[in-house]
Protein chains: 2
Amino acid sequence: MCYFQYVAIYHAAGGNDRGEFHMNKGGLERRLRAPKAFELIKTAEEAAEIVRDGMVIGASGFTPSGYPKAVPLAIAARAAQANENARFQLSLYSGASVGPEIDGAWVDAGILKKRLPYHTDEKIRNSINNGTVEYVDLHLSHSTQYVNYGFLPKIDIAIVEALAITENGDLIPTSGIGNTPAFVKQADKVIVEVNLLKPMELEGMADIYVTENPPNRKPIPILHTSDRIGTPWIECGFDKIAAIVLTEMQDQTRPLAEAGSTEKQISKNIIRFLSDEVKSGRLTKNLLPLQSGIGSVANAVFYGLCESEFEGITCYTEVVQDSMLALLRTGKATAASTTAVSLSPDALTRFEKEIAFFREKIILRPQEISNSPEVARRLGVIAMNTAIEADIYGNINSTHIMGSKIMNGVGGSGDFARNGYITIFATASTAKNGAISSIVPMVSHVDHTEHDTMVIVTEQGYADLRGLSPKERAVKIMENCAHPDYKEKLFAYYGRALQSGPKHTPHILEEALSWHIAFQKNGSML
Amino acid sequence: MCYFQYVAIYHAAGGNDRGEFHMNKGGLERRLRAPKAFELIKTAEEAAEIVRDGMVIGASGFTPSGYPKAVPLAIAARAAQANENARFQLSLYSGASVGPEIDGAWVDAGILKKRLPYHTDEKIRNSINNGTVEYVDLHLSHSTQYVNYGFLPKIDIAIVEALAITENGDLIPTSGIGNTPAFVKQADKVIVEVNLLKPMELEGMADIYVTENPPNRKPIPILHTSDRIGTPWIECGFDKIAAIVLTEMQDQTRPLAEAGSTEKQISKNIIRFLSDEVKSGRLTKNLLPLQSGIGSVANAVFYGLCESEFEGITCYTEVVQDSMLALLRTGKATAASTTAVSLSPDALTRFEKEIAFFREKIILRPQEISNSPEVARRLGVIAMNTAIEADIYGNINSTHIMGSKIMNGVGGSGDFARNGYITIFATASTAKNGAISSIVPMVSHVDHTEHDTMVIVTEQGYADLRGLSPKERAVKIMENCAHPDYKEKLFAYYGRALQSGPKHTPHILEEALSWHIAFQKNGSML
């Protein structure tokens with residue numbers, strides 16, 4: 001195939017002049033490093049044709065970073081045009097959340113039947129909660145082994161965004177890895193979206209290490225956050241590649257909500273806890289590798305750390321957000337291990353200009369490695385995740401509203417919370433303008449048990465629960481973390497429960513969920 | 001000190017003619033391998049004198065195996081004789097449960113203030129539930145790091161049963177390791193009970209590997225169940241040893257309850273599940289290393305495996321019980337890694353005659369290694385643990401009766417359930433002669449979340465929950481695992497919940513705990 005031919009195909013696939021610029025700049029040969037790759041170029045619509053009803057699709061990336069876009073949109077478009085006999089439904093496995101080109105578009109097209117292991121999309125959330133999509137909410141490190149161990153229906157097609165395809169047909173990932181190596185390995189066929197908008201300077205940021213299944217698994221040889229142990233490419237091979245689609249589509253990330261005073265105060269309390277640990281001699285000034293969930297609290301913590309006394313910080317986490325880049329820029333942090341760089345639109349633009357700086361400091365790993373229990377415990381990760389609600393005994397609900405309605409999912413919090421060094425859960429002490437107390441007698445769903453929770457933080461303060469019995473925990477949580485509007489009511493429940501029966505974890509079952517029931521009936525827990 | 005002097009001291013310490021026989025047989029020099037050790041010999045009563053009010057005591061061993069006896073009894077006796085000014089209270093850290101010489105005797109003496117990380121003693125259970133003892137129920141692998149990381153009040157005195165003391169003052173453990181290495185390392189002083197009743201042939205069964213704290217921790221170099229990576233002794237040194245007490249006391253183990261037809265049927269269902277996994281190609285005939293909780297169901301499973309088609313089985317677990325010895329004797333199992341050998345009195349007698357055989361097959365590890373998330377995930381442990389109750393969505397209660405009353409504790413189940421290969425929870429479908437359904441709409445306490453539970457087994461059948469959404473799980477659990485007396489009622493709840501609100505995890509909060517409330521009021525869930 002001559003150059004003019006593939007340029008024509010590229011244009012048919014949605015290329016534009018900006019894409020041309022990329023091609024001219026580096027030449028498409030930098031992206032497609034074997035003649036075989038050029039032969040596999042197809043349009044997104046052509047690639048979408050190989051999807052059949054009932055298939056399981058594995059999507060690359062993690063959060064709206066490194067996920068495929070053109071082919072999923074073409075699949076949705078195909079479904080929209082399909083007559084009754086050609087209708088199809090799909091199961092979708094991903095790393096974590098993906099962009100609206102998949103979750104949103106597929107829900108709109110009515111083709112999403114089952115989804116795992118995580119989502120953040122409002123459309124899919126509504127579909128799960130109205131019963132039209134079945135959702136399997138998995139620990140993110142479990143999701144890889146579920147695929148590799150054959151615990152799930154097999155993946156038919158992996159759709160993978162790549163920076164480039166090597167001489168051997170292996171894939172250079174873009175900005176998010178997730179479960180891509182496992183999906184590519186287990187899929188019958190792979191569709192590759194080579195995204196010309198993603199800068200080639202990303203090459204080398206990825207460090208792909210794939211575990212063998214037991215009983216042949218070896219130790220994961222990471223001793224420090226910054227250790228590189230794998231290859232910059234994902235093994236695939238041309239035999240598996242069904243189509244290569246040239247695209248030029250930016251990840252659809254969302255602007256971050258500005259941290260409000262509550263988030264800033266939570267951040268201050270987390271940093272105060274860490275400072276107190278340093279004062280007590282349990283941590284040093286460079287702490288231990290930080291893991292953090294996603295969102296405005298997490299960003300507030302990392303912005304707070306930029307102005308803290310800590311130095312030589314590292315992050316062993318699953319997502320690098322805007323604030324972690326800031327921490328790296330200040331020099332406070334020296335390295336970040338992650339499975340994705342997931343930025344707001346503004347931060348993404350700036351990041352792409354500074355890739356040379358960040359490529360030395362950020363390592364993109366598969367999520368079974370970024371979230372590995374083995375590595376989390378060895379390195380001693382400080383796990384910081386958000387809660388929807390906590391109860392007075394330290395049980396954490398991260399996923400459900402009022403016991404039944406899913407929000408997003410447990411994500412990687414359980415991988416780190418069980419296996420890290422210190423486990424911190426943060427939440428505002430109230431929600432819905434004070435109508436909901438985030439500290440309740442009994443949580444309506446448990447994602448992290450009393451055995452895992454070491455520290456609870458709200459804007460009111462922090463409760464260090466390590467080494468405390470349930471009753472000791474209750475007093476500390478109510479005293480330090482509950483909102484003043486609910487404190488008396490919580491102590492009253494606890495006091496009555498203490499008089500009513502066995503005293504290890506005092507509860508009155510008739511009342512334990514009554515705060516939630518009151519909210520459902522009257523719109524307020526007050 | 002001459003021989004006759006230490007014999008006199010030994011007799012004062014409770015030695016008897018049988019002890020003499022041991023001494024004559026091997027000579028006390030085999031037990032105390034340096035002159036310094038002889039100088040440190042004290043009576044249990046003398047050793048007990050160093051205990052002060054408010055101290056934290058760390059006890060060796062794991063389950064009623066390898067725990068100290070004479071000194072704890074002497075401490076209890078001292079408390080019983082103390083006048084008002086000499087009263088004292090203690091915190092006790094152990095590996096898991098200990099024998100009645102500690103938990104029972106200390107509760108009777110009123111000296112136990114705080115207890116962690118696990119217990120099985122009825123007296124202490126009552127004390128926890130009536131509010132006189134504070135109990136911290138920890139994941140067993142967490143308990144080691146809580147001690148090593150300084151998360152708990154520091155250990156003042158470790159009381160350690162040993163087989164012998166080396167030339168350097170290091171300790172050869174007996175039949176249970178637990179947290180002994182960490183306790184010895186962190187304690188100010190160590191009291192050693194050299195138990196002359198424990199056969200010297202146990203020497204070499206222990207494999208002591210101690211991790212560094214992060215950030216200096218290295219990979220734990222276990223690639224196979226039978227890998228030995230450490231030393232047969234626990235580092236201590238004479239400087240730390242405050243007293244050496246010669247004892248001759250057998251571990252107070254209990255006869256095992258005979259497995260009834262329910263336990264046998266549960267065992268059959270677990271083995272059927274494993275066979276189905278082999279048929280599906282997800283496991284081979286030698287399975288993957290088995291972990292099992294303690295009790296009659298676990299024993300029934302292993303006795304069942306003796307007659308199964310499986311071969312070349314290994315066990316990577318925390319306790320070797322009677323049935324695991326049987327499995328090793330038949331040759332069906334080739335190796336067992338554990339932190340304790342904990343046998344019924346009859347099995348113990350037989351085991352001690354056959355130590356030469358078992359020493360080649362059993363490895364005793366510290367519990368941070370036996371329960372290591374790193375090793376559990378690498379080897380791909382099949383985790384089998386018991387539940388008190390499960391709910392229709394797969395959440396497991398392992399610890400609490402009706403939400404408040406502690407039974408034993410979470411033990412190591414969480415270490416394995418989160419990090420293993422397959423996670424199985426087993427329970428009889430009913431309790432209290434049918435008055436309690438073990439499958440309920442919502443569990444009254446959560447120790448293992450929906451995200452961890454892969455398979456639930458009762459005598460009714462098994463429910464393989466892997467890859468299922470909450471609603472799919474509910475139907476399978478109710479259908480396959482619930483007792484016929486409760487099935488209709490469960491489906492009725494589920495059906496109403498499905499109509500009542502968000503449909504990810506359908507619940508009616510007013511009714512979710514109503515089964516437990518009914519039992520509390522009327523003595524039955526029916």
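Atom set for the values below is all heavy atoms of this structure, side chains included, hydrogens, waters and symmetry mates excluded. Within every chain, numbering begins at 1; the chains are lettered A, B, ... in the order of the sequence lines, protein sequences first and strands thereafter.
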Query - Under 4.5 Å from any heavy atom of chain B - which part of Tyr146(A) - result: side chain
Query raised in the report: If you tally heavy-atom pairs under 4.5 Å against chain A, which of Pro221(B), Ser404(B), Gly403(B), Pro470(B) wins?
Result: Ser404(B)
Query raised in the report: Using a cut-off of under 4.5 Å for heavy-atom pairs, which of Met442(B), Arg377(B), Lys405(B) has the most such pairs with chain A?
Result: Arg377(B)
Requested in this report: Identify which part of Leu379(A) has an atom lying under 4.5 Å from any heavy atom of chain B, answering side chain, backbone, both or neither.
Outcome: backbone
Report summary line: Ranked by heavy-atom pairs below 4.5 Å to chain A, first place among Leu152(B), Val375(B), Leu223(B) goes to Leu223(B)
Report task. Would you please test Arg418(A) and Asn419(B) for side chain to side chain donor-acceptor pair (under 3.5 Å) and show each step? Result -> CA-CA 9 Å; Arg418(A) 173 85 33 102; Asn419(B) 298 309; over 6 Å; no
Report task. Would you mind checking which part of Leu509(B) comes under 4.5 Å of any heavy atom in chain A, side chain (CB onward), backbone (N, CA, C, O), both or neither? Result -> both
**Report entry** Ring-face cation contact, Tyr135(A) with Arg115(A), 6.0 Å cut, 45° max
**Finding:** no
Report summary line: Counting heavy-atom pairs under 4.5 angstrom with chain B, the leader among Lys471(A), Lys218(A), Arg217(A) is Arg217(A)
Query raised in the report: Where is the tightest heavy-atom contact between His507(B) and Ala512(B), given as atom of each residue plus distance?
Result: ND1-CB, 4.2 Å
Query raised in the report: Given a strict heavy-atom distance threshold of 4.5 Å, which part of Gln520(A) is in contact with chain B: side chain, backbone, both, or neither?
Result: side chain
Report task. Could you tell me which portion of His400(A) (side chain, backbone, both or neither) has an atom closer than 4.5 angstrom to a non-hydrogen atom of chain B? Result -> side chain
Requested in this report: For each of Asn395(A), Thr399(A), Leu513(A), Ile517(A), tally heavy-atom pairs with chain B at distances under 4.5 Å, and name the one with the top tally.
Outcome: Ile517(A)
Query - Largest heavy-atom contact set with chain B, pairs under 4.5 Å, which of Gly409(A), Pro373(A), Gly467(A), Pro219(A) - result: Pro219(A)
**Report entry** Heavy-atom pair with the smallest gap, counting every atom of Tyr93(A) and Val147(A)
**Finding:** CD1-CG2, 4.2 Å
Requested in this report: Go through Asn216(B), Thr284(B), Val136(B) and name the one with the most non-hydrogen pairs under 4.5 angstrom from chain A.
Outcome: Val136(B)
Query raised in the report: Hey, are Glu368(A) and Arg378(B) close enough for a salt bridge, meaning a charged N less than 4.0 Å from a carboxylate O?
Result: no
Report task. Would you mind telling me which of Thr225(A), Ile222(A), Val446(A) has the largest number of heavy-atom pairs within less than 4.5 Å of chain B? Result -> Val446(A)
Query - Options His448(B), Glu212(B), His445(B), His224(B), ranked by heavy-atom pairs under 4.5 Å with chain A, top entry - result: His445(B)
Query raised in the report: So, are Lys503(B) and Glu134(A) salt-bridged, with charged N and O less than 4.0 Å apart?
Result: no
**Report entry** Which atoms of Pro506(A) approach chain B - backbone, side chain, both or neither, heavy atom under 4.5 Å
**Finding:** backbone
Report task. Heavy-atom distances under 4.5 Å only: say whether Leu468(A) touches chain B with side chain, backbone, both or neither. Result -> both
**Report entry** Thr453(B) vs Thr423(B) side-chain heavy atoms within contact, under 4.5 Å
**Finding:** no
Query raised in the report: Can you say whether Ser143(A) sits under 4.5 Å from chain B via the side chain, the backbone, both, or neither, judging by heavy atoms?
Result: neither
Query raised in the report: Quick one: does Asp452(A)'s side chain get under 4.5 Å of His142(B)'s, heavy atoms only?
Result: yes
Query raised in the report: So what's closer than 4.5 Å to chain B heavy atoms on Glu510(A): side chain, backbone, both or neither?
Result: both
Query raised in the report: Quick one: does Asp464(A)'s side chain have a donor or acceptor within less than 3.5 Å of a partner on Arg466(A)'s backbone?
Result: yes
**Report entry** Residue pair Ser141(B) / Asn371(B), side-chain donor-acceptor N/O under 3.5 Å
**Finding:** no
Query raised in the report: Would Tyr421(A) and Phe416(A) count as a close aromatic pair, with their ring centres under 6.0 Å?
Result: no
Query raised in the report: Would you say the side-chain atoms of Asn397(A) and Glu389(A) include a donor-acceptor pair closer than 3.5 Å?
Result: yes
**Report entry** Asn130(B), part contacting chain A, at a heavy-atom distance under 4.5 Å
**Finding:** backbone
Report summary line: Most heavy-atom pairs under 4.5 Å with chain A, out of Arg473(B), Glu277(B), Glu472(B), Met402(B), belong to Glu472(B)
Report summary line: Whatever's closer than 4.5 Å to a heavy atom in chain B on Asp447(A) counts as both
Query raised in the report: Side chains of Leu287(B) and Ile382(B): closer than 4.5 Å at any heavy-atom pair?
Result: yes
Report task. Name the option with the most non-hydrogen atom pairs under 4.5 Å to chain B; the candidates are Ala497(A), Gly380(A), Ser469(A). Result -> Ser469(A)
